[in-house]
Amino acid sequence: MKPRRGKDRKPRGRFRRALRLTAVVSVVAIVASFVTAIAYNWITPPRTAFMLEAGEPTVYQYASLDHISRYTVASVIAHEDEELGTRVGAFSMNDFTARAQAFASGQPDPSGSTVPQQLVKNIFLWPSQDPLRKGIEAGLSEEFDFLMPKSRIMELYLNYAQFGPKLFGICAASWYYFNTPPSQLTQYESEQLMGVLPDPDNVRRAPSGGLDISASANPEAVDLINGAANVWVPQQLAGMGGWQAAVKTIGITDTAADHAATEGNPDGCSTMPQDVAKRLQSEGVG
């Protein structure tokens, strides 16, 4: 009996076409993600996935790293990712494996995300902790880390991090809480802001300015702010040799004051953003 060649070929042909299509889609996706990562070396879109998730009215304005206090940069390194400037890759594989095992067993996260991981999550992804998001986050963060200087990663992080309900970026945060440009943030103010990052939706501005750490404020938010400013960040910076040594790990050897001549440029955040003024006015301030 002759083999039934025609019927055998059709399934194999469909499988080959599906395989080729999958390969093409995969290559296109990889190329597109690389092109996107390269583009972020020069562009800073005004909205991210997390901003869209938060909904309007979003309070945000871009600020160049040149015009951000080095105390703030050092505080981020100390609080969020000490190894940002010294690690090869976006994260330690041992830490990544430990986090995956903890997630699978329902245990608390033993280390937390690095700055590159947090950055790509803020730009492209969604808040939940599901494995799909974690996998995409890992791949994108490695691309960003490979294709960008650490200083640019820090600049994007500080511009896209959430510092309050619908309040994004260090430019808006410095004016909203402290009525000052980001270049003038003090070490203590910078350290306080690190306590905002883990739980920004529960942080409030004090009626007279600054972060609300009064008895009427959210107690968990107060603990995070006070812990960051009075314990965690100072200890970590001391262990790193001070704020100058911390920022040097990502290639920064100057200060914001060195760029005072250009602070009046649009990316200098030298005056209160309109979005911040509107938020304060809606809260009865000013």
Side-chain angles (χ1 to χ4, degrees), residues 40-41 44 63-92 94-96 99 109-123 137 141-142 144-163 168-171 173-174 177-178 182-200 211 224-259 269:
Y40 269 86
N41 277 285
T44 310
S64 166
L65 188 64
D66 287 345
H67 305 297
I68 298 173
S69 168
R70 292 342 187 203
Y71 294 133
T72 308
V73 175
S75 294
V76 171
I77 295 170
H79 192 264
E80 298 296 309
D81 192 355
E82 276 189 82
E83 297 179 348
L84 174 64
T86 57
R87 181 182 55 240
V88 176
F91 50 84
S92 159
N94 288 337
D95 287 345
F96 184 77
R99 295 183 71 205
D109 190 333
S111 58
S113 299
T114 65
V115 162
Q117 287 175 301
Q118 292 181 55
L119 174 60
V120 298
K121 175 195 69 177
N122 290 343
I123 295 174
E137 176 188 288
S141 65
E142 283 291 347
F144 268 57
D145 189 83
F146 177 71
L147 295 167
M148 277 184 198
K150 303 291 187 177
S151 57
R152 177 58 175 168
I153 289 174
M154 176 60 69
E155 181 174 58
L156 289 171
Y157 178 83
L158 279 167
N159 273 284
Y160 289 145
Q162 185 176 358
F163 286 99
F168 293 87
I170 194 64
C171 174
S174 61
Y177 292 116
F178 303 112
S183 62
Q184 299 299 315
L185 285 169
T186 68
Q187 185 162 359
Y188 188 71
E189 289 167 347
S190 299
E191 291 166 354
Q192 279 190 307
L193 284 172
M194 296 307 102
V196 175
L197 294 172
D199 192 17
L211 290 159
L224 288 168
I225 293 166
N226 285 335
N230 300 317
V231 181
W232 183 252
V233 177
Q235 284 183 355
Q236 297 301 103
L237 285 177
M240 297 182 75
W243 69 265
Q244 295 99 329
V247 300
K248 192 174 182 180
T249 64
I250 62 168
I252 296 177
T253 56
D254 60 3
T255 68
D258 293 329
H259 303 278
C269 191

Side-chain heavy-atom pair [X], [Y] within 4.5 angstrom cut-off:
X	Y	result
Glu155	Pro149	no
Phe168	Asn122	no
Leu65	Ile252	yes
Ser190	Val73	no
Cys269	His67	no
Arg70	Asp254	yes
Arg152	Thr44	yes
Gln118	Asp81	no

What is the distance from atom [atom1] of [X] to atom [atom2] of [Y], rounded to the nearest 0.5 Å?
X	Y	atom1	atom2	result
Ile250	Met154	CD1	CE	4.5 Å
Asp199	Leu224	CG	CG	6.5 Å
Gln162	Leu197	CD	CG	9.5 Å
Ser64	Asn159	OG	CG	8.5 Å
Ile153	Ser141	CD1	OG	9.0 Å
Ile68	Gln184	CD1	CD	13.0 Å

Closest approach of [X] and [Y], non-hydrogen atoms and distance?
X	Y	result
Gly89	Asp145	C-OD2, 3.2 Å
Pro116	Leu84	CD-CD1, 3.8 Å
Thr186	Tyr71	C-CD1, 3.8 Å
Ala229	Tyr188	CB-CE1, 3.6 Å
Ala228	Gly195	CB-N, 3.5 Å
Gln117	Thr114	OE1-N, 2.9 Å

Side chain to side chain contact (heavy atoms under 4.5 Å, CB included) between Gln236 and Trp232: does it pass, once the steps are laid out?
-> CA-CA 6 Å; Gln236 297 301 103; Trp232 183 252; 3.7 Å; yes

Tyr177 side chain vs Phe163 backbone, donor-acceptor pair below 3.5 Å | yes

Look at the aromatic rings of Tyr40 and Tyr160 and report parallel, tilted or perpendicular, splitting at 30° and 60°.
-> perpendicular

Could you please spell out the steps behind the side chain to side chain contact (heavy atoms under 4.5 Å, CB included) verdict for Phe91 and Glu142?
-> CA-CA 8 Å; Phe91 50 84; Glu142 283 291 347; 3.5 Å; yes

Carefully, step by step, assess Ser69 and Glu189 under the rule side chain to side chain contact (heavy atoms under 4.5 Å, CB included).
-> CA-CA 10 Å; Ser69 168; Glu189 289 167 347; over 6 Å; no

